[in-house]
Amino acid sequence: QVQLVESGGGLVQAGGSLRLSCAASGRTSSSYAMGWFRQAPGKEREFVAAISRSGVIADYADSVKGRFTISRDNAKNTVYLQMNTLKPEDTAVYYCTARTGISRSTSDYKNWGQGTQVTVSS
C-alpha cells in the first residue's frame, strides 16, 4: 500500500504555470507507475499523464500534450506535474495515483491522493 499526498495547486491566470507535487510514503514509489488525473465540477475524473517506474516512459492526454510534463524523483519518492500555458478548461481537482503499470483508465487505479485544486482564471 502506498499513501499519496498532492500539493502545489492554486489560482493562476490563463497562460501561467504551476507545478504539482505528489509525495509517496509507505511502499517506495519506485515500485509503481505514477499518474495524474483531474476532475472538474460535474464531470468524470479523466486521465492527464502517467509515467513509468523508471521514468523512461511518459504518456499524456491529447488535451495537455505539449503543455504539461510529468517527471519523477525516485530518491525523493515524489512525482511532479509541470503545467504550462494553462487554460481555464484546465480548472479541476488534480489527483495523484499509483499502480504497477501505466494505464489511462481510472478504474485500473486503487491508490489515490486527496487531490489539489487548480483554478485558472480567464
Side-chain angles (χ1 to χ4, degrees):
Q1 188 77 8
V2 61
Q3 291 77 47
L4 305 167
V5 178
E6 303 95 334
S7 62
L11 173 63
V12 64
Q13 288 188 332
S17 299
L18 281 175
R19 189 177 81 155
L20 305 183
S21 299
C22 173
S25 61
R27 192 172 177 182
T28 57
S29 65
S30 59
S31 301
Y32 297 91
M34 305 291 290
W36 287 97
F37 284 69
R38 66 187 181 187
Q39 188 166 18
K43 295 187 177 182
E44 294 187 350
R45 193 170 297 188
E46 64 175 6
F47 171 77
V48 175
I51 189 167
S52 63
R53 286 178 289 180
S54 65
V56 171
I57 299 171
D59 186 26
Y60 297 92
D62 288 344
S63 59
V64 307
K65 198 173 295 182
R67 300 188 298 122
F68 291 10
T69 302
I70 189 170
S71 62
R72 67 189 299 161
D73 185 337
N74 286 339
K76 296 182 179 179
N77 286 330
T78 302
V79 63
Y80 305 98
L81 186 68
Q82 178 67 44
M83 306 185 295
N84 298 329
T85 319
L86 282 161
K87 304 176 181 179
E89 51 263 44
D90 294 318
T91 295
V93 177
Y94 284 70
Y95 296 91
C96 177
T97 185
R99 71 183 301 271
T100 53
I102 287 180
S103 172
R104 291 189 171 201
S105 175
T106 307
S107 61
D108 284 343
Y109 292 88
K110 300 297 186 287
N111 300 289
W112 295 90
Q114 82 290 347
T116 185
Q117 176 70 47
V118 171
T119 303
V120 184
S121 62
S122 57

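Residues meeting the side-chain hydrogen bond (donor to acceptor under 3.5 Å, both in side chains) test with S122, sequence neighbours left out: none.
For the atom pair CD of Q39 and CD of E44, the computed distance is 8.0 Å after rounding to the nearest 0.5 Å. Taken from CG in N111 to OG1 in T97, the straight-line distance is 6.5 Å, to the nearest 0.5 Å.
Using a 4.5 Å cut-off between side-chain heavy atoms of Ile, Leu, Val, Met, Phe, Trp and Tyr, F37 falls into a hydrophobic cluster with F47, V93, Y95, Y109, W112.
Judged by distance alone, the side chain of E6 and the main-chain N or O of Q114 form a donor-acceptor pair under 3.5 Å.
Minimum heavy-atom separation, R72 to I51: NH1-O, 3.7 Å. Contact record, A24 with V2: CB-CG2, 3.8 Å, taken as the closest heavy-atom pair. Scanning all heavy atoms of the two residues, the minimum distance from S52 to V56 falls at OG-N, 3.3 Å. Across every non-hydrogen atom of A50 and I102, the tightest pair is CB-CG2, 3.9 Å. Here the shortest heavy-atom pairing between M34 and C96 reads CE-SG, 3.8 Å. Residues R38 and A92 approach most closely at CB-CB, 3.8 Å, considering heavy atoms.
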List the atom pairs, donor and acceptor, that lie under 3.5 Å between side-chain atoms in residues 10-21 and the rest of the protein, sequence neighbours left out.
from	atom 1	to	atom 2	distance (Å)
S17	OG	N84	OD1	3.0

Scan the side chains in residues 62-70 for donor-acceptor partners under 3.5 Å anywhere in the protein, sequence neighbours excluded, and list what turns up.
from	atom 1	to	atom 2	distance (Å)
D62	OD1	K65	NZ	3.4
R67	NH1	T85	O	2.9
R67	NH1	D90	OD2	2.8
R67	NH2	S63	O	2.9
R67	NH2	D90	OD1	3.0
R67	NH2	D90	OD2	3.4

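Proximity of V120 to K87: side-chain heavy atoms (C-beta onward) are nowhere separated by under 4.5 Å. R53 is not listed as a side-chain neighbour of T100, based on a closest heavy-atom distance of 4.5 Å or more.
For the ring pair (Phe, Tyr, Trp, His ring centres under 6.0 Å) condition, no pair includes a residue of residues 69-91, sequence neighbours left out. Residues in residues 104-122 take part in these salt bridge (charged side-chain N to carboxylate O under 4.0 Å, His left out) pairs, two or more places apart or across chains: D59-R104.
In summary, the side chains of S105 and S103 do not present any donor paired with an acceptor at a separation below 3.5 Å, with no hydrogens or angles considered.
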